[in-house]
Amino acid sequence: MLNIVLFGPPGAGKGTQSEKLISKYNLTHISTGDLFRKHLKEGTELGKLAQKYMDDGYLVPDEVVIDMVDDKIKNTEGVNGFIFDGFPRTVTQAKALDKLMEGKATPISGMIALEVPFEELRTRLLERGKVSGRADDQNEDKINNRIKVYQDEALPVSEYYKEQGKYSAIDGVGSIDEIFNKISEVVDSLSVEK
């Protein structure tokens with residue numbers, strides 16, 4: 001199976017590129033944000049547990065997040081692998097994800113990081129905010145903070161995958177198709193290595 005961690009700051013194009021990767025390689029998209037919304041909406045045991053932590057003002061523990069990821073994997077059939085988007089965010093989560101996937105005999109194939117200069121990200125997010133109506137894409141202070149948080153979190157996680165020889169950086173500036181072609185070259189090389 002092909003298991004890719006797609007990494008990049010807000011506005012790097014992860015969502016757009018994920019859709020193209022899913023279509024081309026028959027992968028399932030796993031976004032922890034989507035998983036949270038699903039479990040909270042459906043009132044599952046994991047959703048109730050996550051809600052309790054959030055209601056008490058705490059971050060949802062990694063174990064609960066990993067259990068949600070595990071549940072998604074267990075309930076997905078007929079795909080060639082998974083794209084992890086926005087997860088893992090910490091080295092602890094990366095180690096837990098490795099343990100989970102190795103336990104399923106389908107380890108993480110690689111991390112693909114979309115690299116986009118700060119000014120380009122800010123421009124993209126402000127433009128997206130005009131179209132999407134998302135409040136966090138319309139406020140420059142919030143945008144700057146989101147990018148800084150990403151940079152602070154991303155460095156240790158990217159180093160973790162570099163140490164494993166599983167890290168590939170992609171220039172995230174250019175046309176959607178140009179960027180996708182670069183990503184596809186990396187994915188194809190990961191497929192060949194199997």
Side-chain angles (χ1 to χ4, degrees), residues 1-10 12 14-15 17-18 21-22 24-54 56-115 149-170 183 186-194:
M1 294 198 40
L2 190 60
N3 299 308
I4 299 166
V5 174
L6 189 60
F7 220 55
K14 295 183 303 294
Q17 296 299 335
S18 286
L21 287 166
I22 288 162
K24 180 173 181 178
Y25 296 99
N26 187 30
L27 304 173
T28 289
H29 184 251
I30 295 183
S31 156
T32 50
D34 292 346
L35 292 178
F36 270 95
R37 286 185 284 278
K38 173 193 179 293
H39 283 276
L40 291 171
K41 182 180 173 198
E42 294 176 6
T44 66
E45 289 305 312
L46 287 170
K48 289 175 187 171
L49 186 57
Q51 188 69 58
K52 181 181 180 327
Y53 282 102
M54 293 186 304
D56 291 340
Y58 296 105
L59 289 175
V60 178
D62 290 342
E63 304 82 53
V64 177
V65 179
I66 284 288
D67 286 346
M68 287 182 180
V69 171
D70 187 27
D71 178 70
K72 174 73 173 178
I73 292 168
K74 284 178 187 171
N75 291 299
T76 302
E77 296 177 358
V79 296
N80 295 329
F82 298 91
I83 295 177
F84 296 92
D85 178 0
F87 181 82
R89 293 185 93 104
T90 65
V91 172
T92 302
Q93 289 178 352
K95 289 178 178 177
L97 180 61
D98 275 353
K99 184 177 176 186
L100 173 70
M101 299 308 285
E102 286 164 7
K104 296 178 180 305
T106 178
I108 295 299
S109 307
M111 170 192 264
I112 298 174
L114 294 173
E115 297 184 338
V149 167
Y150 166 79
Q151 290 169 334
D152 293 345
E153 291 177 345
L155 191 59
V157 178
S158 58
E159 287 299 321
Y160 174 78
Y161 285 105
K162 281 179 188 172
E163 287 169 13
Q164 295 182 31
K166 294 183 175 182
Y167 178 87
S168 299
I170 300 289
I183 294 172
V186 172
V187 173
D188 291 342
S189 73
L190 295 173
S191 301
V192 169
E193 291 171 16
K194 294 284 163 222

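- Put simply, CD1 on Ile112 and CZ on Phe84 are 13.0 Å apart, with the number rounded to the nearest 0.5 Å.
- Of the inter-residue distances, the one linking Leu46 atom CG with Ile66 atom CD1 reads 12.0 Å to the nearest 0.5 angstrom.
- By the 4.5 Å heavy-atom criterion applied to side chains, Val69 and Ile73 are counted as neighbours.
- For the atom pair Asn26 CG and Leu21 CG, the distance stands at 12.0 Å (nearest 0.5 Å).
- One distance of note links CE of Met101 with CE of Met1; it measures 6.5 Å at 0.5 Å rounding.
- For Lys95, the NZ atom is loosely surrounded, since the number of other residues' heavy atoms within 6.0 Å does not exceed 12.
- When atom types are taken as modelled, the side chain of Asn3 and the backbone of Pro107 share a donor-acceptor pair closer than 3.5 angstrom.
- Expressed to the nearest 0.5 Å, how far OG of Ser31 lies from NZ of Lys72 amounts to 10.0 Å.
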Going through the distances and angles, do Arg89 and Thr32 end up as a side-chain contact (heavy atoms from CB on, under 4.5 Å)?
CA-CA 10 Å; Arg89 293 185 93 104; Thr32 50; 5.7 Å; no
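- Residues passing the side-chain hydrogen bond (donor to acceptor under 3.5 Å, both in side chains) test with Thr44, sequence neighbours excluded: His39.
- With salt bridges taken as basic N to acidic carboxylate O contacts below 4.0 Å, one links Arg37 and Asp34.
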What do the steps show when you test Tyr25 against Asn80 for side-chain contact (heavy atoms from CB on, under 4.5 Å), and what is the final call?
CA-CA 7 Å; Tyr25 296 99; Asn80 295 329; 5.6 Å; no
Any chance you could lay out the side-chain contact (heavy atoms from CB on, under 4.5 Å) test for Thr90 and Asp62, step after step, and finish with the verdict?
CA-CA 9 Å; Thr90 65; Asp62 290 342; 4.2 Å; yes
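- Under the side chain to side chain contact (heavy atoms under 4.5 Å, CB included) criterion, Pro61 pairs with Tyr53, Glu63, Val64, sequence neighbours left out.
- Here CD1 of Ile170 is found 9.0 Å from CD of Glu115. Values are rounded to the nearest 0.5 Å.
- Heavy-atom neighbours of Lys52 NZ from other residues, nucleotides or ligands within 6.0 Å: at or below the threshold of 12.
- The residue from Asp85, Ile83, Leu6, Leu35 that alone fulfils the side-chain contact (heavy atoms from CB on, under 4.5 Å) condition with Ile30 is Leu35.
- Remark: Lys74 engages Asp70, Lys104 in a side chain to side chain contact (heavy atoms under 4.5 Å, CB included) (not counting sequence neighbours).
- Between Leu27 and Phe82, the shortest heavy-atom distance links the atoms CD2-N, 4.0 Å.
- For the pair Tyr150 and Pro10, the tightest heavy-atom approach, listed with the atom from each and the gap, is CB-CD, 4.0 Å.
- Residues passing the side chain to side chain contact (heavy atoms under 4.5 Å, CB included) test with Ala113, sequence neighbours excluded: Phe7, Tyr167.
- Remark: Pro88 pairs with Val5, Gln93, Ala94, Leu97, Val157, Tyr161 by the side chain to side chain contact (heavy atoms under 4.5 Å, CB included) rule, at least two apart or across chains.
- For the side-chain hydrogen bond (donor to acceptor under 3.5 Å, both in side chains) test, no residue two or more places apart in sequence or in another chain qualifies with Lys48.
- Considering every non-hydrogen atom in both Ser109 and Lys166, the closest pair reads O-CG, 4.0 Å.
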